[in-house]
Amino acid sequence: MTFSAVDHGMMGRALQLAERGLWTTSPNPRVGCVLVRDGAIVGEGWHEKAGEPHAEVHALRAAGERARGASAYVTLEPCSHHGRTPPCAEALIAAGVSRVVAAMTDPNPLVAGQGLARLQAAGIETASGLLENEARELNIGFVSRMTRARPWLRLKAAASLDGKTALNNGLSQWITGPEARRDGHAWRARACAILTGIGTVRDDDPLLSVRDVATSRQPLRVVVDSRFEIPLNARVLHGGGTLVVGAVDHAEKITALRSTGNFVEILKNPAGKVDLPALLELLASRGVNEVHAEAGCKLNGSLLREGLVDELLLYLAPCLIGDQANGLFNLPELASLDGKRRLQIRDLRQVGVDIRVLARPL
């Protein structure tokens with residue numbers, strides 16, 4: 001399929017609209033739609049929140065009668081099933097659009113090509129694959145949940161240039177500057193869940209919430225705590241709604257946690273630790289698309305060793321702390337460099353005085 005310059009421009013606009021839902025659409029995908037007739041945009045919209053109208057519906061409402069005979073550019077294949085809202089494919093058919101271009105087909109098995117097929121059956125010209133990579137990146141977590149039954153896990157860490165995250169006594173506030181911390185909160189805001197370990201709770205007593213950027217939604221807070229050692233006055237438990245995952249049946253502590261409005265799960269692996277793959281499967285079953293992990297070197301290392309890290313978000317500060325300080329990842333010693341974990345740098349930029357590295361394991 002060959003797409004014109006106009007096609008590219010309109011889909012680019014649809015992707016810009018979809019990105020407006022970056023922090024709000026969970027567990028749904030981020031979707032934008034543009035309606036074009038006679039070379040002019042007659043309606044546009046984006047999905048704002050689960051349970052509310054999809055992008056296509058907003059665009060059709062804005063266009064009104066001008067939608068008849070228009071081309072629709074949508075960043076994800078129009079849905080064909082009844083969920084919280086009616087199917088968008090039917091709405092496009094009823095509006096009389098003549099052409100629908102989707103950036104990508106929907107990985108949701110409930111749709112998976114059926115939306116485009118329904119449009120074709122109604123005599124509407126369809127095409128897909130325009131700016132597909134950009135659309136996929138925008139919904140990387142949704143795609144992961146639909147195709148792998150687990151969320152996309154992004155591991156965030158802040159370190160000195162010699163790779164140290166905290167002093168030997170646990171002090172780590174603050175290695176990076178305020179701009180990097182604010183940027184980190186923006187990444188928190190787009191996630192569905194924020195994951196940490198009991199070591200970080202003990203050392204830092206974090207709130208694990210989004211504070212430095214405005215958001216209408218707080219991600220689920222998740223603490224990996226094999227022996228349920230978390231203090232009941234830990235700030236991460238304030239307000240309830242935090243998921244504490246352990247590996248022992250500590251009835252008294254579990255009852256206390258649940259009585260304060262928090263959630264508890266026991267997921268034990270053969271080593272007596274929390275079964276991390278099972279935890280990600282559990283989060284996927286709860287509609288979590290993206291997990292933002294902010295933990296210490298032990299949990300960071302475990303996530304890496306088990307192949308659960310999809311992306312690394314590293315902030316490197318222009319300072320040196322020394323070899324006695326704590327490192328980024330608790331990984332086994334290598335006997336040969338052949339065993340090094342190779343990464344692909346996806347983005348590299350300066351944020352304030354710090355360097356931000358976005359990388360993915362190869």
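Predicted model, so just to flag it, every value in this text is computed and none were measured.
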Got a donor-acceptor contact below 3.5 angstrom from the Ser160 side chain to the Lys164 backbone? yes
Indicate, with yes or no, if Val223 and Leu220 share a hydrophobic cluster defined by side-chain heavy-atom contacts under 4.5 Å among Ile, Leu, Val, Met, Phe, Trp and Tyr. no
I'd like to know if the side chain of Arg258 reaches the main chain of Thr255, judged simply by a donor and an acceptor atom lying under 3.5 Å from each other, with no hydrogens or angles considered. no
Identify the residue among Leu348, Val351, Leu314 that makes a side-chain contact (heavy atoms from CB on, under 4.5 Å) with Arg356. Val351
May I ask you to establish whether Arg20 and Trp46 are in a cation-pi arrangement, using a distance under 6.0 Å from NZ or CZ to the six-membered ring centre and at most 45° from the ring axis? yes
Mark yes or no: Arg305 above the aromatic ring of Phe329, with NZ or CZ under 6.0 Å from the six-membered ring centre and no more than 45 degrees from the axis. no
Considering only heavy atoms from C-beta outward, does the side chain of Val97 approach that of Val100 to under 4.5 Å? yes
Steps toward salt bridge (Lys or Arg N to Asp or Glu O under 4.0 Å) verdict (Arg181, Asp354): CA-CA 10 Å; Arg181 296 199 295 274; Asp354 305 305; over 6 Å; no
Rounded distance (nearest 0.5 Å) linking atom CG of Leu155 with atom CG of Leu328: 9.0 Å
Would Leu35 end up clustered with Leu76 when hydrophobic side chains under 4.5 Å apart are linked, directly or stepwise? yes
Counting only N and O atoms by type, is there a donor-acceptor contact under 3.5 Å from the side chain of Lys156 to the main-chain atoms of Trp187? no
Would you tell me whether Glu294 and His292 have side-chain atoms, one donor and one acceptor, within less than 3.5 Å of each other? yes
Salt-bridge present (Asp225, Arg202; N to O < 4.0 Å): no
Indicate yes or no for a side-chain donor-acceptor contact from Asn289 to the backbone of Pro27 under 3.5 Å, with no hydrogens or angles considered. yes
Specify the closest pair of heavy atoms between Trp152 and Gly141, including all atoms of both residues, with the distance to one decimal. CB-CA, 3.7 Å
Supply the atom-to-atom distance Ile140 CD1 to Arg154 CZ, rounded to the nearest 0.5 angstrom. 9.0 Å
Close side-chain approach of Val244 to Leu237, heavy-atom, < 4.5 Å: yes
Heavy-atom side-chain proximity of Leu282 to Leu267 below 4.5 angstrom: yes
Result of checking Thr75, Val34, Val31 against Leu15 for side-chain contact (heavy atoms from CB on, under 4.5 Å): Thr75
Are more than 12 heavy atoms from other residues, nucleotides or ligands located less than 6.0 Å from atom CD of Glu65? no
Which atoms form the tightest heavy-atom contact between Pro219 and Arg188, and what is the distance? CG-O, 3.4 Å
Give the C-alpha distance, both sets of side-chain angles, the deciding distance and a yes or no for side-chain contact (heavy atoms from CB on, under 4.5 Å) between Asn300 and Val309. CA-CA 9 Å; Asn300 286 349; Val309 176; over 6 Å; no
For the CG atom of Leu130 and the CE atom of Met11, what is their distance to the nearest 0.5 Å? 4.5 Å
Would you please test Arg217 and Thr215 for side chain to side chain donor-acceptor pair (under 3.5 Å) and show each step? CA-CA 6 Å; Arg217 174 190 64 87; Thr215 181; 5.6 Å; no
Leu280-Leu304 co-clustered via ILVMFWY side chain contacts under 4.5 Å: yes
Taking all atoms of both residues into account, what is the closest heavy-atom pair of Gly45 and Ala59, and its distance? N-CB, 3.9 Å
Residue pair Glu77, Thr105: steps toward the side chain to side chain donor-acceptor pair (under 3.5 Å) verdict: CA-CA 5 Å; Glu77 175 186 6; Thr105 55; 4.8 Å; no
Keeping Arg221 on the side-chain end and Val236 on the backbone end, is there a donor-acceptor pair under 3.5 Å? yes
Are any of the side-chain nitrogens in Asp310 or Arg150 under 4.0 Å away from the carboxylate oxygens of its partner? yes
Below 4.5 Å, heavy atoms only, C-beta onward: do Val101 and Val74 meet side chain to side chain? no
Tell me whether Asn139 contacts the main-chain N or O of Phe142 through its side chain, where contact means a donor paired with an acceptor under 3.5 Å. no
Please examine the side chains of Ser216 and Thr24, heavy atoms only from C-beta on, and report whether any two atoms are closer than 4.5 Å. yes
Check whether any side-chain heavy atom of Asn28 lies under 4.5 Å from a side-chain heavy atom of Lys49, and answer yes or no. no
Are Pro151 and Ser144 packed together at the side-chain level, in the sense that at least one heavy-atom pair is separated by less than 4.5 angstrom? no
Nearest 0.5 angstrom please: Arg148 CZ to Met146 CE, how far? 13.5 Å
Looking only at heavy atoms, what is the nearest atom pair of Val224 and Leu276, with distance? CG2-CD2, 4.2 Å
To the closest 0.5 Å, what do you measure between CG (Leu283) and SG (Cys192)? 9.5 Å
Less than 4.0 angstrom from a charged side-chain N to a carboxylate O is my criterion; do Glu137 and Arg346 meet it? yes
Do Ile266 and Ile230 share a hydrophobic cluster (ILVMFWY, side-chain heavy atoms under 4.5 Å, transitive)? yes
Between Asp7 (side chain only) and Ser4 (backbone N and O only), is there a donor and an acceptor less than 3.5 Å apart? yes
So which heavy atom on Gly39 is nearest to which on Met10, and how close? O-CE, 4.4 Å
Take Val357 and Ile345 through the side-chain contact (heavy atoms from CB on, under 4.5 Å) test and state the conclusion after the steps. CA-CA 7 Å; Val357 182; Ile345 304 296; 3.7 Å; yes
Using a 4.5 Å cut-off on heavy atoms from C-beta on, say whether the side chain of Arg61 contacts that of Pro53. yes
Which residue, Glu48, Glu134, Glu19, Glu290, forms the salt bridge (Lys or Arg N to Asp or Glu O under 4.0 Å) with Arg30? Glu290
Please confirm whether the backbone N or O of Thr196 pairs with a side-chain atom of Thr200, one donor and one acceptor, at under 3.5 Å? no
Any donor-acceptor N/O pair, Arg118 side chain to Ala89 backbone, under 3.5 Å: no
Quick one: does any side-chain atom of Asn330 pair with a main-chain N or O of Cys297 as donor and acceptor, under 3.5 Å? no
Tightest non-hydrogen contact, residues Phe228 and Ala247, listed as CE1-N, 4.4 Å
Reported CZ-to-OG distance for the pair Arg235 and Ser209, which is rounded to 0.5 angstrom: 8.0 Å
Is it true that Leu343 and Leu161 fall in one hydrophobic cluster, defined by side-chain heavy atoms closer than 4.5 Å? yes
I would like to know whether Tyr315 and Asp183 meet side-chain contact (heavy atoms from CB on, under 4.5 Å); could you show each step before the answer? CA-CA 10 Å; Tyr315 295 89; Asp183 189 68; 2.6 Å; yes
